[in-house]
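Heavy-atom basis, side chains included; hydrogens, waters and symmetry copies ignored.
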Amino acid sequence: MMSLPTYEDFGLTGLAPAAEALIGLGVLVAFAWLANFVAKQIILRLLMAKLLPKDGPNPGKVVAYLANIVPALIVSYGIRLVPHLPYAVKEVVSNVAAALIILIIAMAISAGLSFVKDLYDRRPDSANRPIKGYIQVLKIVVYAAAAILMVAALIEQSPLLLLSGLGAMAAVLLLVFKDTILSLVASVQLTSNDMLRVGDWIEMPELNADGDVIDIALHTVKVQNFDKTITTIPTHRLISDSFKNWRGMSESGGRRIKRAINIDQNSIRFLSDEEKAGLRRFKLIEDYLADKEREIGEWNAGLGEAAREPVNARRVTNVGTFRAYVVAYLRSHARITPAMTLLVRQLEPTAQGLPLEVYCFTDTTAWGEYETIQADIFDHLLAIMPEFGLRIFQEPSGLDFQGAFSE
C-alpha cells in the first residue's frame, strides 16, 4: 500500500500536529507535481515523438488529458495518509479529486471524438455526409453523464439515485434542451436525405442567406454569402422552412440562361419579298427561309383564287424569322450545351412589348464564365435585331421627350 514519508523519517520530532499536517500536505503536493512533470514532460513527449504521427490528426490531446489523471489519483489517495487532518477535509479533497478525474476522462473522450471527426474529414466523401452534428451529440451525452457521476462522487451517492430523480425533471429538461433536440432531428434528416453538404450553394432569402455552406454543426449551419458576410442559420430552420440548393445545377455541368428581350410591338410586320431576299445572306437561317417558303407556297396553293388577297395568304413575319435566327444562333454557339433544353419562345404581350424569352444552358457552371457567355449572346441579339426590322422596347427617357418637343 502506498505510504508517504512521516516527519520521523526527516528527523523532525516534537512538531505540533498542525505543522505535521502542513508538512504532509507539502510532501503530497510535491509528489503530485513530480508525477505530473514525469507524465507530461518526459513520458508524453517521448510517446508523441516516437509513436504519434507528426502530420495530420493525432491523438496527442487525448493522451495529454489522460496524463492529468496521475496527479489527481495521487491527491485522491494520498490525502488520506496526511496526518492530523480532519476526516471531513480528507473526504472532501478525495471526492473533489475523484470528480476531477471523471471530468478529465470526459474531456479525453471529447478530444477522442474530435480526433475521430478529424480523421473522417480526411475522407473524400466526408463533405457529402458530415458527422459534426453526431459528434456534438455524443459530446453532450458524455458531459451529461460526467456531470451526473461528478455530483454522485461529491455527495458520495449512487448515480442511480440521481438518475431516478431525473424523471421528475423530464419536462424541465425537454424545455431546456428543446433547441438541441430539434437540431438533432434536423441534422439526422439533412444528413440521411442528403439535403445539404459543405460547399453547397444555397439560397434562403428570408434569412438573408445566399452563398456557400462552410460549416454544418448540431445547432447552426454557417453560410458565407457572396459579399463575404457570414449568415448563421439554426439547423432546424432548414427543415421547417424552404431553401434552394444549387448543387443539382453544379453537378449537371450546365447553368440555365432564362432572359427575355422585350420587342416593340409596333415594329412587328410581314416581310416583303425584297426583305426576304436580303435575309438569305444569313447562313444560319438560309435553310429555314427555304423550308418556310416551300411550306407557305403549298398552303397558299391550296387556297386557290383566295390566295391572291394578302389577308387570306400566309406570309413570313420578321419576328418569326428573328426567332428562328435566335434558335439557330444558340444551336451553333460553342458554349451552349445541346444536351439540355433549348427554347426561344414568345411570352404574353405586355405594356412593355412582346417578350421573346431565351431558355438554354451554358456548358459551364462557373459564375464568371456564365455571365460572360450570357452577355455575349444578348449583345449579339440586341445588335442584330434591326436587320430584321425589329426594335427593342424602351421606356421614353428625357432625351426622347426633348427630341419630340423640339421638332
Side-chain angles (χ1 to χ4, degrees), residues 32 35-77 93-123 126 129-166 169-170 173-174 176-177 179-188 191-192 198 215-220 235:
N36 183 67
F37 178 82
V38 172
K40 285 190 173 181
Q41 302 300 325
I42 299 177
I43 299 177
L44 184 58
R45 284 192 175 183
L46 290 175
L47 180 64
M48 294 182 68
K50 299 293 185 181
L51 301 180
L52 300 183
K54 296 181 176 59
D55 55 337
N58 66 71
K61 205 170 184 180
V62 179
V63 180
Y65 277 127
L66 293 176
N68 292 321
I69 295 179
V70 177
L73 283 173
I74 292 177
V75 171
S76 177
Y77 290 99
V93 174
S94 179
N95 293 342
V96 170
L100 182 61
I101 291 172
I102 295 172
L103 178 61
I104 292 172
I105 294 175
M107 296 173 68
I109 295 174
S110 176
L113 292 173
S114 297
F115 171 64
V116 171
K117 175 188 173 298
D118 292 339
L119 288 178
Y120 180 81
D121 288 343
R122 293 166 67 95
R123 293 164 52 102
S126 62
R129 295 186 177 275
I131 63 170
K132 185 175 182 178
Y134 301 113
I135 294 296
Q136 289 178 326
V137 172
L138 290 176
K139 287 183 179 180
I140 291 174
V141 173
V142 168
Y143 280 114
I148 294 174
L149 294 175
M150 288 171 66
V151 173
L154 290 173
I155 65 176
E156 297 184 349
Q157 295 291 335
S158 170
L160 297 178
L161 182 63
L162 296 177
L163 289 174
S164 63
L166 291 179
M169 299 178 60
L173 292 175
L174 287 176
V176 172
F177 293 103
D179 291 338
T180 300
I181 295 172
L182 289 174
S183 298
L184 173 61
V185 174
S187 296
V188 171
T191 304
S192 60
V198 173
D215 184 54
I216 302 175
L218 175 62
H219 293 93
T220 58
T235 307

Problem - side-chain contact (heavy atoms from CB on, under 4.5 Å) between Leu184 and Leu218, intermediate numbers included - result: CA-CA 6 Å; Leu184 173 61; Leu218 175 62; 4.2 Å; yes
Handout entry: Shortest non-hydrogen separation from Thr235 to Ser183 and the atoms involved
Key = CG2-O, 4.1 Å
Problem - Atom pair CG (Leu154) and CG (Leu149), whose distance is rounded to the nearest 0.5 Å - result: 11.0 Å
All N/O donor-acceptor pairs, side-chain side in residues 93-109, below 3.5 Å, sequence neighbours left out:
unit_1: Ser94; atom_1: OG; unit_2: Ser76; atom_2: O; d: 3.4
unit_1: Ser94; atom_1: OG; unit_2: Arg80; atom_2: NH2; d: 3.0
unit_1: Asn95; atom_1: ND2; unit_2: Glu91; atom_2: O; d: 3.1
unit_1: Asn95; atom_1: ND2; unit_2: Glu156; atom_2: OE2; d: 3.0

Problem - Salt-bridge criterion met for Asp121 and Lys117 (N-O under 4.0 Å) - result: yes
Practice task
For residues 102-114, pull every pair meeting side-chain hydrogen bond (donor to acceptor under 3.5 Å, both in side chains), keeping only residues two or more places apart or in separate chains.
Solution key: Ser114-Lys139
